[in-house]
Structures are given as structure tokens and as C-alpha cells.
Number of protein chains: 2
Amino acid sequence: MERDIQIVVIEDDEIIREGYALLISRTEGYQVVNTYASFDEAAKTITNDYPDVILLDIELPGTNGIQAIPRLKKLLPHAYILILTVYESEKTIFEALASGASGYLTKNTPAAKIVESIREVKDGGGPMSVNIARMVIRSFQKNQESPLSKRETQILEQVAEGKSRSQIAKDLFIDLETVRSHIKNIYLKLDVNSRADAIKTAKENKLI
Amino acid sequence: MERDIQIVVIEDDEIIREGYALLISRTEGYQVVNTYASFDEAAKTITNDYPDVILLDIELPGTNGIQAIPRLKKLLPHAYILILTVYESEKTIFEALASGASGYLTKNTPAAKIVESIREVKDGGGPMSVNIARMVIRSFQKNQESPLSKRETQILEQVAEGKSRSQIAKDLFIDLETVRSHIKNIYLKLDVNSRADAIKTAKENKLI
DNA sequence: AAACAATCACCCTTATAGGGTGATAAATAA
DNA sequence: TTATTTATCACCCTATAAGGGTGATTGTTT
């Protein structure tokens with residue numbers, strides 16, 4: 001006999017909060033054990049709720065959702081955190097994932113999908129809404145119309161790994177001066193004059 | 001009146017290939033216009049198929065799937081490429097996404113999900129199987145038990161951006177010598193003695 | 001024929017990196 | 001409460017690396 005999945009909802013908007021609680025509790029096998037309007041409020045008693053999964057909003061009064069993630073992790077190391085928010089900015093998503101969130105869903109996600117995602121997260125995975133997956137995929141795709149040649153891109157990648165010119169020369173079996181020459185051309189094309197700026201510009205334009 | 005979604009399947013195993021073709025064609029609105037056993041074979045005539053979506057296997061004889069992606073992109077810039085494979089290695093997935101694949105599904109994906117994913121891709125998105133999403137999420141999550149302090153991590157991140165000591169000092173409003181000192185401690189903790197090695201080790205252990 | 005790509009060469013100066021050694025105040029942990 | 005870690009700064013040193021300038025050669029692609 002399996003125990004119900006214990007869920008806690010942290011979301012400041014009462015309507016949304018109770019809405020989630022209701023629709024999740026309606027599904028068999030899922031139980032919302034508590035709801036909070038902020039992390040600061042939750043922090044006091046959430047350890048007594050023993051949640052398996054925490055639904056967490058990003059836009060919270062006081063401690064925001066991103067800041068809350070590591071602190072929730074510390075309070076409840078075995079709970080999975082599912083971000084449920086309207087924000088879809090690349091930076092926010094990556095911050096949340098890097099901070100330890102197990103998944104990321106947008107608020108327009110249909111109820112059935114949310115319940116399914118909770119199950120997926122609980123089973124050790126990481127669900128992503130289609131919008132988020134889209135964004136993550138896009139973040140991996142390099143710019144196809146790079147001004148840099150293949151070789152230049154390859155060398156810039158090594159520069160971004162912190163390698164010195166001579167290290168790059170050794171690794172590519174070419175002369176030190178050739179590496180220099182490529183880097184000069186890279187600087188020209190990107191209109192920069194330092195490694196840091198080249199890396200920055202290249203990343204902004206997804207050249208590397 | 002909408003036109004059927006035109007699909008091409010490139011997959012070397014005949015059983016699997018025809019299996020996909022059959023199950024996709026059975027769905028209304030989806031039409032498999034051609035199938036190929038390899039990219040090299042497909043390259044000759046695929047432009048006459050005018051596919052909207054290409055289902056592409058990674059393990060192909062001759063030109064493999066990863067190599068095929070940029071070449072397919074060149075032949076058919078507007079076609080979406082959906083990787084459908086058994087491989088789940090992080091490197092392979094990221095290579096495929098970086099090369100321009102629009103999505104990544106594993107072969108154990110149920111038929112209905114594949115059809116749904118084709119629709120999602122066609123509508124401009126990027127579906128990911130749960131396994132893949134899981135892996136991508138994991139790849140974003142930093143190691144929680146880093147040997148580095150917060151400040152050290154922050155400085156190492158800037159080193160990885162190609163910044164010089166003095167640039168880092170300026171940006172953090174601390175002395176040049178302090179930056180040096182931190183970097184020395186980072187080297188000690190990571191047992192390295194160069195920027196490149198520190199970056200490499202840190203990335204391998206997801207410290208940055 | 002012209003443009004681009006990849007290769008190498010030698011001029012130059014300043015900044016940078018990394019090793020060694022040590023100190024101090026504050027925060028955190030044992 | 002003591003011990004350890006963290007964050008801060010200082011000065012010794014040398015070899016190397018970075019970046020600017022200028023130019024040349026050999027292919028490849030257009």
C-alpha cells in the first residue's frame with residue numbers, strides 16, 4: 001500500500017494557492033498537507049509537514065522563490081521542489097535549476113499536467129513544460145550565422161576554457177603565432193580587444 | 001484547410017523504420033513522405049520530399065546522426081529535426097541540440113507521444129522526453145558540497161569568464177592581492193596550478 | 001580574379017600569472 | 001571557548017602571456 005504523495009504549496013496569491021490545493025487534493029494519491037503565502041511563513045513549520053514535493057512560486061513577498069530554494073533544500077533535503085510560475089526568463093529558469101529545483105512549470109500548465117509532473121518529480125525525474133524545454137533547447141543552439149570561421153570558433157572555445165595561447169597551440173598542433181593570428185582575427189570580427197570581452201560577446205551571440 | 005505534416009524518417013533498422021512510418025501515417029494529419037536507411041542515401045533525394053519534420057536516428061552507418069544535423073540544416077533550412085535514439089549520454093544530447101536539433105526523444109517513447117512531439121516541434125517548440133529533461137536539469141545543478149567558499153566560487157566564475165586578476169579586483173571592489181590570494185586557495189583546494197586546469201576541474205565537478 | 005581561411009614570422013611593451021611567505025580581523029564551527 | 005575557515009591585504013620573485021603592428025604564403029571557395 002503506497003502512501004499518498006505529500007505536497008506543500010507556497011504561493012502568495014490566495015486564490016491561486018487554494019486553487020492548486022483543491023485541484024491536487026481531488027486527485028487520488030495526492031494530498032496537500034499545508035499551504036503558505038510566503039517562504040518566511042513556511043520556514044517556521046514546514047519541517048513538520050514532511051512534504052515529498054513543494055510547489056514553489058517565484059514571485060513571493062520577502063524571501064523570493066529563488067532565494068528560498070537552497071534554504072528549503074537545507075530544511076528538507078529529500079523534498080523535491082517544483083517551480084510553478086509565470087516567469088519564463090532564461091536567467092530565472094537557469095538560476096532556479098542551478099539552485100536545486102527539480103522542475104519548472106509555467107502557470108498556464110493544465111491541471112492534469114501539473115499532477116502528472118508531481119508524479120514524475122517524485123519518481124526521481126525532472127519534468128519541464130514545453131515552453132521551458134523550448135527555451136532550454138534554444139539556449140543550446142549555436143548561432144548558425146557566426147562571423148567566425150570553424151577554426152576561429154574552435155580556438156575561441158579553448159580561450160573560454162582558460163587555456164593560454166601556447167596551450168592551444170600544443171593541443172591543436174599548430175604554431176604559437178598561428179594561434180595569435182587567429183585570436184587577433186577573432187578580436188577584429190567581434191570588435192573587442194581582450195579575452196574576457198571576446199568570451200562575453202561570443203556567449204551573448206551564442207557563437208560558442 | 002491545413003496540409004498534412006510531411007515527415008521523413010532516417011533510421012537504419014528496417015523494422016524500426018517501417019514501424020515508425022506506419023504508426024505515424026496512421027494518425028490523421030501526419031504523412032510520412034519518405035524513409036531512408038542512412039543520411040548518405042537521404043542526401044541525394046531528400047530535398048524533393050519537402051519534409052516539415054525529419055526523424056533522425058543517431059546510430060547510422062556512414063555519416064552519423066550528429067554529423068548529419070548541420071548538413072540536413074543546409075539542405076532543408078526550414079525542416080525541424082527530431083532526434084529519436086537510444087543514446088542518452090549527456091555529451092551526445094548536447095551535441096545534437098547544439099548542432100541544431102529541435103528535440104530529442106528516446107526510443108522507448110510511446111507512439112502517441114512521438115506524434116504529439118512532432119506536432120509540438122512543428123508548432124515551433126522543442127519537446128523533450130522526461131529522461132532527457134531529467135538529464136538537462138541535472139546538468140544545471142551545481143554540486144551542493146563544493147569545497148570552495150562562496151567568494152572563491154564567485155571568483156572562479158569570473159576566472160572562467162576570461163577575466164584577469166585586476167579586472168576581477170575592480171569588479172568586486174577588492175584588492176588585487178586579495179584576488180590572488182583567493183585564486184591560490186582555489187588552486188590548493190582543487191589541486192591544480194593553472195586557470196585552465198581550475199576551470200576544467202571545477203566544471204567536471206559542477207562547482208561552477 | 002577576389003575573398004576568405006589557415007598557416008607562420010618578427011617587431012614591440014606592459015600586464016599577468018603563478019610560486020613563496022606571512023599577517024590580521026571577522027565569522028563559523030567544533 | 002577555542003580552533004578553523006574565510007576574506008582581506010602585502011611584498012618578494014621570474015617567466016610567460018597578452019595584445020598591437022605589419023606582412024607573407026598557400027590553399028579553398030566563390
Side-chain angles (χ1 to χ4, degrees), chain A residues 70-71 73-75 77 142-202 207-208, chain B residues 43 70-71 73-75 77 142-202 205 207-208:
Chain A
R71 300 177 58 182
K73 277 263 164 193
K74 210 160 196 177
L75 290 172
K142 289 192 186 163
N143 190 338
Q144 308 280 308
E145 300 102 43
S146 171
L148 303 180
S149 72
K150 268 193 180 175
R151 195 58 151 177
E152 285 163 353
T153 304
Q154 182 186 27
I155 283 173
L156 186 50
E157 272 164 1
Q158 307 215 22
V159 168
E161 286 167 12
K163 289 188 186 175
S164 69
R165 295 172 187 165
S166 55
Q167 279 177 297
I168 296 172
K170 267 179 208 151
D171 291 356
L172 296 182
F173 306 105
I174 55 179
D175 195 276
L176 173 63
E177 284 301 323
T178 305
V179 176
R180 283 205 62 196
S181 172
H182 282 304
I183 293 180
K184 283 181 203 175
N185 287 330
I186 293 168
Y187 286 5
L188 260 179
K189 289 186 180 176
L190 301 187
D191 190 28
V192 297
N193 55 6
S194 74
R195 292 165 90 89
D197 286 344
I199 293 170
K200 187 160 169 277
T201 301
L207 308 181
I208 57 169
Chain B
R71 301 176 59 181
K73 277 263 165 193
K74 209 159 196 178
L75 291 171
K142 288 192 186 161
N143 190 339
Q144 309 281 310
E145 300 102 45
S146 171
L148 303 181
S149 73
K150 268 192 181 178
R151 195 57 149 177
E152 286 164 353
T153 304
Q154 183 186 26
I155 284 173
L156 186 51
E157 272 164 1
Q158 307 215 22
V159 168
E161 286 167 10
K163 290 188 187 175
S164 70
R165 295 173 188 165
S166 55
Q167 279 177 297
I168 296 171
K170 266 179 208 154
D171 292 355
L172 297 182
F173 306 105
I174 55 179
D175 196 274
L176 174 64
E177 283 302 324
T178 305
V179 176
R180 284 204 61 198
S181 173
H182 282 304
I183 293 180
K184 284 180 201 174
N185 287 328
I186 293 168
Y187 286 6
L188 260 178
K189 289 186 179 176
L190 301 188
D191 189 30
V192 296
N193 55 4
S194 74
R195 292 163 89 88
D197 286 344
I199 294 169
K200 188 161 169 276
T201 301
N205 296 290
L207 308 181
I208 56 170

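Naming convention: chains lettered A, B, ... in sequence-line order (proteins, then strands); numbering from 1 in each chain. Only this structure's heavy atoms are used, side chains among them; waters, hydrogens and symmetry mates stay out. Since we're looking at a predicted model, the values are computed, not measured.
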*Asks:* May I ask you to check whether over 12 heavy atoms, not counting those of Lys189(A), lie within 6.0 Å of atom NZ?
*Replies:* yes
*Asks:* Can you give each donor-acceptor pair under 3.5 Å made by side-chain atoms of residues 170-184 of chain A, sequence neighbours left out, with the distance rounded to 0.1 Å?
*Replies:*
| residue | atom | partner | partner atom | Å |
| --- | --- | --- | --- | --- |
| Asp171(A) | OD2 | Lys163(A) | NZ | 2.6 |
| Asp175(A) | OD1 | Glu177(A) | N | 2.7 |

*Asks:* Take the protein atom CD1 of Ile199(B) and the nucleotide atom C1' of dA17(C), then report the distance between them rounded to whole Å.
*Replies:*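 In whole Å, dA17(C) C1' and Ile199(B) CD1 are 13 Å from each other.
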*Asks:* Apply side chain to side chain contact (heavy atoms under 4.5 Å, CB included) to the pair Val159(A) and Ile199(A), showing each step before the final yes or no.
*Replies:* CA-CA 8 Å; Val159(A) 168; Ile199(A) 293 170; 4.3 Å; yes
*Asks:* Going through the distances and angles, do Arg71(A) and Lys74(A) end up as a side chain to side chain contact (heavy atoms under 4.5 Å, CB included)?
*Replies:* CA-CA 5 Å; Arg71(A) 300 177 58 182; Lys74(A) 210 160 196 177; 5.6 Å; no
*Asks:* Residues two or more places apart in sequence or in another chain: which of them pass side-chain contact (heavy atoms from CB on, under 4.5 Å) with Ile186(B)?
*Replies:*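 In terms of side-chain contact (heavy atoms from CB on, under 4.5 Å), with neighbours along the sequence ignored, Ile186(B) is linked to Leu148(B), Glu152(B), Ile155(B), Leu156(B), Leu190(B).
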*Asks:* Identify the 5'-most and 3'-most nucleotides of DNA chain D with at least one atom closer than 4.0 Å to a non-hydrogen atom of chain A.
*Replies:* dA17(D) to dT22(D)
*Asks:* Heavy-atom contacts under 4.0 Å between residues 161-182 of chain B and DNA chain D, which residues?
*Replies:*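 Per residue number, the list reads Ile174(B), Asp175(B), Glu177(B), Thr178(B), Arg180(B), Ser181(B), His182(B).
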*Asks:* Based on the rotation axes of five pairs at each end, what angle does the helix from dA1(C)-dT30(D) to dA30(C)-dT1(D) bend through, to 10°?
*Replies:*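 The angle, to the nearest 10 degrees, is 80°.
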*Asks:* So among Arg151(A), Lys142(A), Lys150(A), which one has a salt bridge (charged side-chain N to carboxylate O under 4.0 Å, His left out) with Glu157(A)?
*Replies:*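 The residue from Arg151(A), Lys142(A), Lys150(A) that satisfies salt bridge (charged side-chain N to carboxylate O under 4.0 Å, His left out) with Glu157(A) turns out to be Lys142(A).
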*Asks:* Measuring from Ile168(A):CD1 to Gln154(A):CD, what's the distance to the nearest 0.5 Å?
*Replies:* 9.5 Å
*Asks:* Looking at DNA chain C, which of residues 185-192 of chain B put a heavy atom within less than 4.0 Å of it?
*Replies:*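 Within this stretch, Tyr187(B) sit under 4.0 Å of the strand.
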*Asks:* Do Asp197(B) side-chain atoms and Asn193(B) backbone N/O form a donor-acceptor pair below 3.5 Å?
*Replies:* no
*Asks:* I need the minimum non-hydrogen distance between Tyr187(B) and Ala198(B), along with the two atoms involved.
*Replies:* CE1-CB, 3.8 Å
*Asks:* Taking the nucleotide of DNA chain D with the nearest heavy atom to each, does Glu152(B) or Lys184(B) sit closer to the 5' end?
*Replies:*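 Taking each residue's closest nucleotide, the earlier one in sequence belongs to Glu152(B).
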*Asks:* Identify the heavy atoms of Ser146(A) and Thr153(A) that sit nearest to each other, and give their distance.
*Replies:*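 For Ser146(A) and Thr153(A), the tightest heavy-atom pair comes out as OG-OG1, 4.3 Å.
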*Asks:* What is the distance from atom CD of Gln167(A) to atom CZ of Arg195(B), rounded to the nearest 0.5 Å?
*Replies:*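 Between Gln167(A) CD and Arg195(B) CZ, I get 11.5 Å after rounding to 0.5 Å.
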